[in-house]
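Worksheet for the structure shown next.
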Protein chains: 4
Amino acid sequence: MQIKKEEVREAILTTAEKEFLEKGFNNASLRKIVKNAGTTIGNFYNYYESKEALFVALVEKEYNGFIHLINGHHAIKKPEINEADKNDIGLIRTIINHYLEDFVKVLSDRFILLIECSEGTPYEDTKQLIIRLLEEHFIEHIQEHNANYSNKEMGEILAKQFLEGFTDILRKYKKTEIRQKLITELIVFYSFGVMALTQ
Amino acid sequence: MQIKKEEVREAILTTAEKEFLEKGFNNASLRKIVKNAGTTIGNFYNYYESKEALFVALVEKEYNGFIHLINGHHAIKKPEINEADKNDIGLIRTIINHYLEDFVKVLSDRFILLIECSEGTPYEDTKQLIIRLLEEHFIEHIQEHNANYSNKEMGEILAKQFLEGFTDILRKYKKTEIRQKLITELIVFYSFGVMALTQ
Amino acid sequence: MQIKKEEVREAILTTAEKEFLEKGFNNASLRKIVKNAGTTIGNFYNYYESKEALFVALVEKEYNGFIHLINGHHAIKKPEINEADKNDIGLIRTIINHYLEDFVKVLSDRFILLIECSEGTPYEDTKQLIIRLLEEHFIEHIQEHNANYSNKEMGEILAKQFLEGFTDILRKYKKTEIRQKLITELIVFYSFGVMALTQ
Amino acid sequence: MQIKKEEVREAILTTAEKEFLEKGFNNASLRKIVKNAGTTIGNFYNYYESKEALFVALVEKEYNGFIHLINGHHAIKKPEINEADKNDIGLIRTIINHYLEDFVKVLSDRFILLIECSEGTPYEDTKQLIIRLLEEHFIEHIQEHNANYSNKEMGEILAKQFLEGFTDILRKYKKTEIRQKLITELIVFYSFGVMALTQ
DNA sequence: GATGAATGAGCTTTCATTCAT
DNA sequence: CATGAATGAAAGCTCATTCAT
């Protein structure tokens with residue numbers, strides 16, 4: 001029956017998400033997932049063809065949405081800030097916060113799966129992909145402020161750190177408003193940090 | 001064959017360090033370690049009494065040195081900077097760089113093992129310990145600048161990020177001078193980021 | 001294949017009982033047990049969660065029944081023998097034999113596992129427990145006959161010996177009537193042996 | 001050097017005896033024996049050609065002495081007791097005690113090794129051998145008292161029990177006098193037990 | 001749709017023994 | 001005389017996956 005099936009599928013997804021988040025893909029135990037979902041190993045394979053397929057089912061939407069985003073289809077328009085306002089941190093905070101609103105709503109915990117728990121899956125390169133994107137972004141900013149800044153290596157380091165802080169916020173805080181507030185702080189922090197570096 | 005002893009011990013340590021760095025303690029395969037070291041499982045136990053003992057052999061010096069450090073025996077004196085110089089980033093950079101000199105020399109790659117690959121070992125709490133220390137440090141700084149800053153959660157987030165950036169530098173760059181330079185940049189970055197947050 | 005389930009479970013229990021009886025718990029090889037049972041190590045763990053759990057499955061009923069017994073729930077009433085009849089061994093034999101009837105029926109070979117093959121399991125103290133009980137019993141008897149008997153050490157020695165004889169009978173003779181007959185002889189033997197000691 | 005060698009040999013024998021007594025031959029660890037003896041695995045094989053040879057070295061004298069004994073070369077003369085005295089237990093005790101004197105002096109703890117710890121060695125049948133001898137002895141006695149006694153199975157059971165009690169005394173009591181006293185009690189116990197059985 | 005039996009490779013660890021030095 | 005490096009088999013246990021029912 002369709003209804004029954006979907007209940008089981010959902011139960012598996014729910015417990016799997018928890019297990020993958022805690023242990024990562026490789027260390028997650030399929031046995032424990034299905035047990036906690038109230039079904040059996042055998043039945044699991046009626047719903048998903050492998051442990052990997054289960055992981056894919058959890059993150060593919062998140063992944064595709066993200067790829068769509070970075071391909072510019074839903075690009076977050078860059079907020080324009082007058083040169084005069086660039087030192088008014090309160091104002092900048094407000095603007096960032098506003099621009100983050102839609103973005104944060106869309107974030108789900110599965111983003112964490114994609115970034116931090118995907119080793120051993122087809123998505124294991126996603127983290128690197130995002131780091132590269134962020135790195136480009138940081139380097140752009142750095143160039144903008146000071147084309148002579150010599151520590152190009154900082155681009156990648158900051159990118160990795162930023163992503164770490166970002167997923168850390170998602171792991172620890174589940175309420176949209178708090179996430180939005182903290183990500184805003186993070187962006188402020190990185191903006192001024194980068195400015196300092198390049199002075 | 002006993003002449004080879006130290007060679008084998010070294011070979012095991014070398015391949016183990018690599019395997020632990022790549023997979024973490026729990027996921028590292030002793031079989032692979034000894035195979036890559038050119039010996040056998042049975043022989044491994046002539047050198048180390050367990051997988052855990054092997055890990056301990058790799059990191060205990062590093063750990064003890066670190067604990068000694070944070071207990072203040074070789075405390076890094078806080079550089080004194082005149083109020084007037086606080087905005088002279090070039091000067092600050094020079095001072096930090098100078099103060100880092102001895103510290104960076106002491107850093108080995110095994111610090112990464114301690115922080116990022118020690119789950120399942122007696123050292124698994126070291127990362128949290130360091131994050132707590134850094135968090136205190138960040139919160140102090142934040143308080144200093146602005147006792148009313150409300151996003152206390154940022155203390156832990158920044159702490160975790162900083163440690164991530166720090167070990168990332170160690171993972172990617174092996175030369176002392178480059179490490180010293182990049183860690184300096186990291187500290188500059190965090191100092192001004194924190195200042196921005198609290199304005 | 002799931003129809004076979006109980007067959008396999010039984011096969012494992014059967015071969016395990018044999019192996020445990022021959023080698024004891026610690027020295028029994030799970031690989032040999034499952035091989036003789038016609039299955040594999042991996043499959044074994046679909047039936048029992050550990051080697052220990054397998055042993056427990058074999059003896060827990062026996063153990064619980066025994067504990068119930070010594071807690072007096074089904075206490076064997078002490079046969080009353082007239083002072084005048086105390087030297088009529090034929091009569092005593094008949095009485096003991098009668099009183100043993102229900103007790104012997106309940107005995108299974110797994111009692112041997114409990115007593116002689118349980119080192120390394122949660123039941124490893126059962127033998128000592130029984131020896132202590134028997135020792136108390138023997139000491140009581142000795143006191144009754146001769147409160148001045150000085151070789152108190154004999155209590156424990158006789159207790160251990162008696163239990164040895166008892167399990168030996170179980171090991172060698174499988175028919176209820178024969179067991180009943182031999183245990184009767186054993187009790188007669190000990191009764192008069194104790195009387196002789198204390199004269 | 002001869003002296004040095006014998007020290008090592010003795011050290012190995014001493015620790016081996018302890019380990020074999022505690023764990024039995026199969027479960028004894030050669031590594032632990034040599035470690036406790038203050039030498040190394042490699043050196044062990046300069047003294048004994050195998051774990052088995054070590055065991056043999058411990059018990060062969062004891063075994064040969066015992067075989068010599070049962071072959072009648074040093075037969076313990078059967079004490080002659082007048083028919084009239086057969087019920088004077090005090091007297092019987094004295095006589096047995098006297099006859100045991102030389103025998104008990106000769107007993108060493110290695111007899112326990114031979115009987116209870118020799119599984120896996122060439123001596124593993126010794127226990128059965130002795131049980132057979134004792135069985136014959138008991139059956140003889142039984143026949144003597146009552147040729148019609150029907151429970152012939154008791155011969156083997158009593159034999160096994162007796163040996164158990166005997167080695168138990170050796171395990172628990174190390175002083176010659178106490179051993180002598182308790183073995184006397186044991187013999188008295190069995191003598192009158194057998195008499196009771198056959199009445 | 002659901003069950004769980006079955007498989008085989010993997011894990012870390014212990015062992016007695018051999019032998020080059 | 002002594003050392004301990006080396007081996008290979010065995011131990012109990014976990015795993016993802018397959019498939020008969």
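Labels below follow one simple rule: chain letters A, B, ... track the order of the sequence lines, proteins then strands, and each chain is numbered from 1. Only heavy atoms go into these numbers, but all of them, side chains included; no hydrogens, no water, no symmetry mates.
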Tell me whether [X] contacts the main-chain N or O of [Y] through its side chain, where contact means a donor paired with an acceptor under 3.5 Å.
X         : Y        : result
Glu17(D)  : Leu13(D) : no
Glu10(A)  : Glu6(A)  : no
Thr121(A) : Glu52(A) : no

| said: Using a 4.0 Å cut-off on heavy atoms, which residues in residues 11-41 of chain C reach DNA chain F? List them by number, or say none. | reply: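 Correct list: Ala28(C), Ser29(C), Leu30(C), Arg31(C), Ile41(C).
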| said: Looking at Glu119(A), I'd like to know if its CD atom is crowded, meaning that more than 12 non-hydrogen atoms belonging to other residues, nucleotides or ligands lie closer than 6.0 Å. | reply: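 It does not: Glu119(A) CD has 12 such atoms or fewer within range.
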| More than 12 heavy atoms from other groups under 6.0 Å of CD on Gln128(A) |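 Yes, the 6.0 Å shell around CD holds more than 12 heavy atoms from other groups.
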| task | Indicate, with a heavy-atom threshold strictly under 4.0 Å, whether Tyr45(D) touches base, sugar-phosphate, or nothing. | result |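 Base contact.
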| Has Arg9(C) got its NZ or CZ under 6.0 Å from the middle of the six-membered ring of Tyr48(C), at an angle within 45 degrees of the ring axis? |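 Ring-cation test returns yes.
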| Using the ring of each side chain (for Trp, its six-membered ring), is Phe55(D) parallel, tilted or perpendicular to Phe20(D), with breaks at 30° and 60°? |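 Ring orientation, 0 to 90° scale: perpendicular.
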| Pairing string, 5' to 3', for DNA chain F - Watson-Crick or wobble contacts under 3.5 Å, brackets [ ] where pairs cross, | to another strand | .||||||||||||||||||||
| request: For Phe44(C) and for Gly42(B), find the nucleotide of DNA chain F with the closest heavy atom, then tell me which residue's nucleotide is more 5'. | output: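 So the residue in question is Gly42(B).
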| Got a salt bridge between Glu22(B) and Lys18(B), using NZ or NE/NH1/NH2 to carboxylate O under 4.0 Å? |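 The answer is yes: the pair qualifies as a salt bridge.
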